[in-house]
Amino acid sequence: MLPTTRSSPITATEFDRLRAGARVLEYDGRGEKVLLTPDNRIIKLFYPRRRFSSARIYPYALRFWNNTQRLRDKGITTVQCEQLRYDREQQRHLITYPLLPGTPLRDCLQENRCNDQQLVKLATFMATLHARGILFRSIHLGNILVLEDGEFGLIDVADLTIRRWPLGLFRRARNFRHLLHDRRDRETLRGYGYSRFLEEYETAAAISGFRSRLLRTLIRRYAPAFSF
């Protein structure tokens, strides 16, 4: 997909003013990644990953911006972007948006603030994403928020694709591997029961018979950590 919007430049002085009093929520070897401002806005920073890559043509910041709009069009709650800027001096993009109120599902489960019903809901939510053609490669329990109304929302949505039709079994199986990327999430789902989670997913996705057997074969191949 080609970019549908353009970034505007931001100077070092403007950036310093934008981040004044902000708290760093996430950083890595390249620098700050996510900041929370005093007025409860997020500043999300995007750095180029490689010297030559598709991100030079279609930067991750633009993907993030466009994906938030497309997710909302699909009825999925996510952040509402406000500004898309480019810091030429630091060679990085940034996006600002109001903090989406909620708690990461991972935190809820680890703090025992959610019960098993949240994992039933997760299986249904994952089936809903797939039915709406959404392949969220960064799906993990830290990128799924339990919102104030109890529903789920998505954050960190740069790495996803959205199709016009439901995902096929191959892509669904690979998405289970993405779900288990984080060790903490593997332990949570293992404790709940992989078979139990998969059965709930298949029920929500209306997958049975031959399609169920094929899906399980593909999951064993592409997501071997998902043992059942």
Side-chain angles (χ1 to χ4, degrees), residues 1 63 67-78 102-110 112-228:
M1 184 182 70
R63 301 180 198 201
N67 287 341
T68 61
Q69 296 180 5
R70 298 180 71 204
L71 283 171
R72 287 195 302 275
D73 289 344
K74 290 280 189 174
I76 303 298
T77 301
T78 188
T103 303
L105 179 56
R106 180 185 294 149
D107 293 350
C108 280
L109 293 167
Q110 290 182 346
N112 295 318
R113 291 162 57 188
C114 301
N115 55 32
D116 284 356
Q117 282 301 114
Q118 291 292 355
L119 290 174
V120 175
K121 197 169 186 177
L122 173 62
T124 300
F125 183 64
M126 194 170 178
T128 298
L129 294 178
H130 294 171
R132 296 180 188 179
I134 300 166
L135 177 59
F136 185 27
R137 296 181 187 85
S138 296
I139 190 169
H140 59 65
L141 305 189
N143 280 343
I144 299 171
L145 291 187
V146 181
L147 306 174
E148 294 179 327
D149 62 0
E151 298 301 316
F152 286 164
L154 296 182
I155 58 174
D156 201 10
V157 296
D159 193 10
L160 64 79
T161 55
I162 303 177
R163 299 175 179 274
R164 297 179 181 177
W165 48 85
L167 298 184
L169 297 182
F170 171 80
R171 289 186 171 84
R172 292 176 188 242
R174 291 181 67 89
N175 208 201
F176 275 87
R177 182 177 67 183
H178 300 143
L179 181 65
L180 298 182
H181 180 73
D182 190 280
R183 174 187 54 80
R184 293 164 294 179
D185 299 345
R186 290 197 300 271
E187 292 174 353
T188 295
L189 287 167
R190 185 183 300 116
Y192 178 74
Y194 289 140
S195 293
R196 182 180 174 191
F197 184 84
L198 182 55
E199 288 169 4
E200 285 153 356
Y201 170 86
E202 289 177 329
T203 298
I207 294 174
S208 60
F210 171 76
R211 294 183 71 235
S212 172
R213 294 191 294 274
L214 179 55
L215 176 63
R216 289 165 181 254
T217 298
L218 292 169
I219 289 175
R220 289 189 181 98
R221 178 176 179 181
Y222 294 110
F226 199 91
S227 55
F228 50 89

Any non-hydrogen side-chain atom of [X] less than 4.5 Å from a side-chain atom of [Y]?
| X | Y | result |
| --- | --- | --- |
| Arg171 | Thr161 | no |
| Arg106 | Thr188 | no |
| Leu179 | Asp185 | no |
| Leu129 | Leu160 | no |
| Gln117 | Val120 | yes |
| Thr78 | Arg72 | yes |
| Ile139 | Asn175 | yes |

One pair to check against side-chain contact (heavy atoms from CB on, under 4.5 Å): Leu145 and Leu154. What are the steps and the verdict? CA-CA 6 Å; Leu145 291 187; Leu154 296 182; over 6 Å; no
Nearest heavy atoms of [X] and [Y], plus distance in Å:
| X | Y | answer |
| --- | --- | --- |
| Gly142 | Pro104 | O-CB, 3.9 Å |
| Arg172 | Pro166 | NH2-CB, 3.9 Å |
| Glu200 | Ala123 | CB-CB, 3.9 Å |
| Arg163 | Lys74 | O-NZ, 3.3 Å |
| Ala223 | Ala173 | CB-O, 4.1 Å |
| Val157 | Asn67 | O-ND2, 2.8 Å |

Restricting to ring pair (Phe, Tyr, Trp, His ring centres under 6.0 Å), what partner residues turn up for Phe125, sequence neighbours left out? Phe152
What pairs with Arg183 under side-chain contact (heavy atoms from CB on, under 4.5 Å), at least two apart in sequence or on another chain?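 If we apply the side-chain contact (heavy atoms from CB on, under 4.5 Å) test to Arg183, skipping adjacent residues, the hits are Arg186, Glu187.
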For Asp159, all residues meeting salt bridge (charged side-chain N to carboxylate O under 4.0 Å, His left out), sequence neighbours excluded: Arg137
Partner set under salt bridge (charged side-chain N to carboxylate O under 4.0 Å, His left out) for Glu151, not counting sequence neighbours: Lys121
Drop me the distance from [X]'s [atom1] to [Y]'s [atom2], to the nearest 0.5 angstrom.
| X | Y | atom1 | atom2 | answer |
| --- | --- | --- | --- | --- |
| Leu105 | Leu119 | CG | CG | 6.5 Å |
| Phe197 | Leu122 | CZ | CG | 4.0 Å |
| Phe136 | Ile162 | CZ | CD1 | 10.5 Å |
| Arg70 | Asp73 | CZ | CG | 8.5 Å |
| Leu180 | Arg190 | CG | CZ | 8.5 Å |
| Ile76 | Thr68 | CD1 | OG1 | 13.0 Å |

Considering residues at least two apart in sequence or located in another chain, which fulfil the side-chain hydrogen bond (donor to acceptor under 3.5 Å, both in side chains) criterion with Tyr194? none
Going by the side-chain hydrogen bond (donor to acceptor under 3.5 Å, both in side chains) test, which pairs reach into residues 217-228, not counting sequence neighbours? none
Take Tyr192 and Leu109, measure what side-chain contact (heavy atoms from CB on, under 4.5 Å) needs, and give me the verdict at the end. CA-CA 11 Å; Tyr192 178 74; Leu109 293 167; over 6 Å; no
Passes side-chain contact (heavy atoms from CB on, under 4.5 Å), His140 versus Arg184? Steps please. CA-CA 10 Å; His140 59 65; Arg184 293 164 294 179; over 6 Å; no
